[in-house]
2 protein chains.
Amino acid sequence: MDAVLQALADPSRRTVLEILRRHPATAGELAAALPIARPGVSRHLRVLREAGLVDVRQDAQRRIYALRPEALAGVDQWLEPYRALWQNRMDALHTEVARGKRERK
Amino acid sequence: MDAVLQALADPSRRTVLEILRRHPATAGELAAALPIARPGVSRHLRVLREAGLVDVRQDAQRRIYALRPEALAGVDQWLEPYRALWQNRMDALHTEVARGKRERK
DNA sequence: GGTCAATGTACCCTTGTGGTTACGTACCCA
DNA sequence: TGGGTACGTAACCACAAGGGTACATTGACC
């Protein structure tokens with residue numbers, strides 16, 4: 001999952017995911033939506049592909065990229081133990097007026 | 001939240017968070033747990049601090065770092081729309097034998 | 001005040017990353 | 001088969017990132 005977090009660090013790559021979340025797209029379409037030239041996008045797509053975040057399907061000369069959302073499940077899982085913590089804090093914040101601190105460690 | 005995802009890209013920094021998830025720690029303790037020298041850790045800690053992921057409290061010469069899990073809520077939120085997607089896929093996978101494809105787009 | 005302990009910062013160096021232009025390649029169509 | 005289209009890859013370049021060593025700083029303690 002290291003590769004996924006690494007891939008997510010770049011804003012351009014996040015934009016690509018954002019687009020693919022709506023619908024699959026060709027490399028050209030993605031490149032048109034980004035402020036960088038096509039070869040750069042191509043390399044971003046390679047990173048995303050190697051991280052398992054996207055899938056490619058070839059249709060004649062076109063390469064159609066599609067999101068593979070399952071790849072993000074690893075991040076979600078990594079986040080899990082932290083989620084418990086910040087939610088506890090939120091709870092504490094919200095209920096702290098009404099009740100005393102029950103289960104504070 | 002960009003800064004957070006950026007910060008999460010580095011494995012050393014993730015290790016720091018992992019440690020702080022258990023208990024607060026001094027810079028020295030964190031450095032001892034990592035394969036890099038103290039100044040390097042110090043810089044990682046600065047990145048984490050600037051991303052809002054950790055808090056520092058000074059105790060004499062020691063700097064005690066503590067996790068700020070709320071900073072990760074942004075990542076969780078970013079993940080949200082994707083979560084729906086991969087969970088649908090899971091559902092589809094699991095129920096696809098029993099039922100037909102109900103709400104496939 | 002002098003010294004030790006804990007830590008951050010400055011500086012340097014090497015590597016990684018992201019961008020560009022130029023080129024190679026595969027496929028359709030005439 | 002020749003040409004246009006849609007890509008990826010190679011080569012190159014600039015800069016950011018991360019590591020190390022040396023030094024500055026701050027607080028405790030004598």
Side-chain angles (χ1 to χ4, degrees), chain A residues 1-20 22-68 71 75 78, chain B residues 1-20 22-68 71 75 78:
Chain A
M1 187 231 23
D2 287 25
V4 174
L5 274 178
Q6 181 92 2
L8 292 184
D10 187 282
S12 294
R13 290 194 288 256
R14 286 201 300 271
T15 303
V16 168
L17 296 182
E18 222 68 21
I19 295 173
L20 294 183
R22 313 292 202 205
H23 50 78
T26 67
E29 289 168 344
L30 294 171
L34 290 179
I36 61 183
R38 282 198 316 272
V41 177
S42 223
R43 266 202 332 248
H44 280 312
L45 288 171
R46 177 214 273 268
V47 172
L48 291 172
R49 202 182 333 130
E50 287 176 350
L53 282 162
V54 303
D55 239 0
V56 209
R57 172 169 49 101
Q58 184 141 11
D59 167 54
Q61 313 98 330
R62 268 142 359 136
R63 304 291 194 90
I64 299 175
Y65 285 83
L67 186 65
R68 270 189 32 129
V75 178
W78 180 86
Chain B
M1 188 232 24
D2 287 24
V4 174
L5 274 178
Q6 182 93 1
L8 292 183
D10 188 281
S12 294
R13 289 195 289 256
R14 285 200 301 270
T15 303
V16 168
L17 296 182
E18 222 68 21
I19 294 172
L20 294 183
R22 313 294 203 204
H23 50 77
T26 68
E29 288 167 345
L30 294 171
L34 289 180
I36 61 183
R38 281 195 317 271
V41 177
S42 222
R43 262 176 312 120
H44 280 310
L45 288 172
R46 175 213 276 267
V47 172
L48 291 172
R49 202 181 335 127
E50 288 177 349
L53 282 162
V54 303
D55 239 359
V56 209
R57 171 169 50 98
Q58 184 141 9
D59 167 55
Q61 313 97 330
R62 265 136 8 127
R63 303 291 194 92
I64 300 176
Y65 285 84
L67 186 64
R68 277 200 38 198
V75 178
W78 180 86

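Below, each value reflects all heavy atoms present in this structure, side chains not excepted, and no hydrogens, waters or symmetry copies. From a predicted model like this one, the values you see are computed outputs, not experimental measurements.
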- [ ] Let me have DNA chain C in dot-bracket notation, would you? Count Watson-Crick plus G-U wobble pairs, both distances under 3.5 Å, and use [ ] for pairs crossing earlier ones and | for inter-strand partners.
- [x] ||||||||||||||||||||||||||||||
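Applying the side-chain hydrogen bond (donor to acceptor under 3.5 Å, both in side chains) criterion to B:Glu50, with sequence neighbours excluded, gives B:Arg46. Evaluation of the salt bridge (charged side-chain N to carboxylate O under 4.0 Å, His left out) rule for A:Arg13 yields no partner, not counting sequence neighbours. In this view, A:Arg43 satisfies the side-chain hydrogen bond (donor to acceptor under 3.5 Å, both in side chains) rule with no residue, not counting sequence neighbours. By the side chain to side chain contact (heavy atoms under 4.5 Å, CB included) test, B:Val41 is found to be paired with B:Leu30, B:Ala31, B:Leu34, B:Ile36, B:Leu45, residues two or more places apart in sequence or in another chain being considered. By the side chain to side chain contact (heavy atoms under 4.5 Å, CB included) test, A:Arg62 is found to be paired with A:Thr26, A:Asp59, residues two or more places apart in sequence or in another chain being considered. With sequence neighbours excluded, the residues forming a salt bridge (charged side-chain N to carboxylate O under 4.0 Å, His left out) with B:Arg14 are A:Asp2, listed by chain and number. Shown here are the side chain to side chain contact (heavy atoms under 4.5 Å, CB included) partners of A:Gln61, two or more places apart in sequence or in another chain: there are none.
At least one side-chain nitrogen or oxygen of A:Thr26 sits closer than 4.0 Å to the OP1 or OP2 atom of D:dC7. Distances shown here put a side-chain N or O of B:Tyr65 below 4.0 Å from the OP1 or OP2 atom of C:dG8.
Remark: C1' of C:dA5 and CD of B:Glu29 are 14 Å apart, rounded to the nearest angstrom. If you take CG of A:Leu48 and P of C:dG18, they are 11 Å apart, rounded to a whole angstrom. Taking atom CD of residue A:Glu50 and atom P of nucleotide C:dT17, one finds them 12 Å apart after rounding to whole Å. In this structure, the CG atom of B:Leu30 is 14 Å from the P atom of C:dA6, given to the nearest Å.
For the pair A:Leu8/A:Leu17, a side-chain contact is recorded, criterion being any heavy-atom separation below 4.5 Å from C-beta on. Side-chain contact check for A:Arg49 versus A:Tyr65: some heavy-atom pair is nearer than 4.5 Å.
The minimum heavy-atom distance linking B:His44 with B:Ser12 is given by the pair NE2-CB, 3.9 Å. Nearest heavy-atom pair, A:Leu20 versus A:Ala66, reported as atom, atom and distance to 0.1 Å: CD1-C, 4.2 Å. Nearest approach of A:Val4 to A:Ala51, heavy atoms of both residues: CG2-O, 3.6 Å. Contact record, A:Gly52 with A:Ala71: O-CB, 3.3 Å, taken as the closest heavy-atom pair.
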Task: Reading 5' to 3' through nucleotides 23-30 of chain D, protein heavy-atom contacts under 4.0 Å coded B for base, S for sugar-phosphate only, - for none - done: ----BS--
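A heavy-atom distance below 4.0 Å to DNA chain D is reached by these residues of residues 8-20 of chain B, ordered by number: B:Asp10, B:Arg13. Near DNA chain C, defined here as any heavy-atom distance below 4.0 Å, the residues from residues 34-46 of chain B are B:Arg38, B:Pro39, B:Ser42, B:Arg46, listed numerically.
Nucleic acid contact for B:Gln6: sugar-phosphate only, since backbone atoms but no base atoms lie under 4.0 Å from a heavy atom of the residue.
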